[in-house]
S.K.: 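Below is one structure. I have some questions about it.
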2 protein chains.
Amino acid sequence: MDVTGDDLLKMLTALSNQHRLRIVGMLSVERDYVSRLAGRLGMSRPLLHMHLARLEAAGLIEGSLELSADGKAMKFFEVTPFALHLTPESVAEAVKTLSDDRRGDGDEK
Amino acid sequence: MDVTGDDLLKMLTALSNQHRLRIVGMLSVERDYVSRLAGRLGMSRPLLHMHLARLEAAGLIEGSLELSADGKAMKFFEVTPFALHLTPESVAEAVKTLSDDRRGDGDEK
DNA sequence: GACAGGTGTCAGCAAATTCTGTCATGTGAT
DNA sequence: ATCACATGACAGAATTTGCTGACACCTGTC
């Protein structure tokens with residue numbers, strides 16, 4: 001199987017937003033850190049922070065805190081090389097592994 | 001190109017919901033009409049109606065009103081055979097054709 | 001010490017989405 | 001006429017999402 005239904009839903013939800021699509025597009029070309037990215041996208045840092053968190057939670061991007069030469073802590077983000085093939089059949093397959101409740105996010109056995 | 005950025009976003013938004021994924025999954029196996037589908041999914045008809053409208057607006061499913069043998073008007077829905085290949089690169093490509101404002105849905109020149 | 005430039009987080013408002021309940025339509029069978 | 005079963009649409013509540021404007025932290029430089 002490709003991914004579980006829950007994971008697929010998380011990825012689709014993460015990508016269903018104009019800003020987040022742009023973020024993935026930009027990071028796909030080159031990795032970047034939060035402040036600069038916010039400037040390039042023309043959005044506030046708290047907002048970008050939220051979108052990045054959503055993308056990272058879905059496993060589409062990954063961030064790493066690094067220290068620049070002059071001692072500043074900078075968080076760089078880069079895309080995870082994902083490949084999602086969506087067809088009616090693949091969706092039907094993924095739905096089989098979709099948990100009933102979207103809120104019980106974790107260990108509902 | 002595959003699809004325009006706006007269309008891609010519309011499809012992703014349509015698929016970013018547990019119920020709508022299930023709907024696509026079910027219709028992918030066999031076409032069905034609204035009332036029966038609502039029963040199989042365990043949701044109210046007004047709600048299903050809304051989800052179906054969203055999926056149809058995104059071009060993922062298509063409905064046709066038909067008359068059963070005993071004269072009842074029944075609206076059957078079936079999936080459109082879509083194929084979406086999502087990768088960081090394809091997203092970057094689609095972002096190029098993404099209109100700035102999501103509200104000006106039409107003739108913003 | 002004050003500043004610049006990086007990080008993160010929180011409260012709270014605005015807006016979109018999701019959902020329910022109710023109503024109105026039409027047909028064939030009882 | 002009344003019931004069963006199909007359709008569609010609307011008003012309004014509840015929830016989630018998107019966004020802004022503070023705030024606090026750290027480090028190196030002026």
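Reminder, nothing fancy here: chain letters follow the sequence lines and each chain counts from 1.
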S.K.: Using a heavy-atom cut-off of under 4.0 Å over every strand shown, decide if B:R36 touches base, sugar-phosphate, or nothing.
M.R.: nothing
S.K.: Using a cut-off of less than 4.0 Å, is there contact between a side-chain N or O of B:S44 and OP1 or OP2 of C:dG21?
M.R.: no
S.K.: Has A:R45 got a side-chain N or O lying under 4.0 Å from the OP1 or OP2 atom of C:dG5?
M.R.: no
S.K.: Counting just side-chain N and O atoms, does A:H51 come under 4.0 Å of either OP1 or OP2 of D:dC19?
M.R.: yes
S.K.: Please evaluate residues A:E62 and A:K75 with respect to the criterion salt bridge (Lys or Arg N to Asp or Glu O under 4.0 Å), reporting the C-alpha separation (whole Å), side-chain torsions for both, the decisive distance (0.1 Å), and the verdict.
M.R.: CA-CA 10 Å; A:E62 201 187 351; A:K75 186 145 191 184; over 6 Å; no
S.K.: So, for A:L60 and A:F82, which heavy atoms are closest and what is the spacing to 0.1 Å?
M.R.: CD2-CD2, 3.6 Å
S.K.: OP1 or OP2 of D:dG8 versus the side-chain N and O atoms of B:K75: is any pair under 4.0 Å?
M.R.: yes
S.K.: Taking only side-chain nitrogens and oxygens of B:Y33, does any of them come within less than 4.0 Å of OP1 or OP2 of D:dA6?
M.R.: yes
S.K.: Report the residue (A:P46 or A:K72) whose heavy-atom-nearest nucleotide on DNA chain C is the more 5′ of the two.
M.R.: A:K72
S.K.: Is the shortest side-chain N/O distance from B:N17 to OP1 or OP2 of C:dT17 below 4.0 Å?
M.R.: no
S.K.: For A:H19 and D:dC19, is the shortest distance between a side-chain N/O and OP1 or OP2 below 4.0 Å?
M.R.: yes
S.K.: Charged N to carboxylate O under 4.0 angstrom, A:E66 versus A:K72?
M.R.: no
S.K.: Which heavy atom in A:T80 sits nearest to a heavy atom in B:P88, and how many Å separate them?
M.R.: O-CG, 3.7 Å
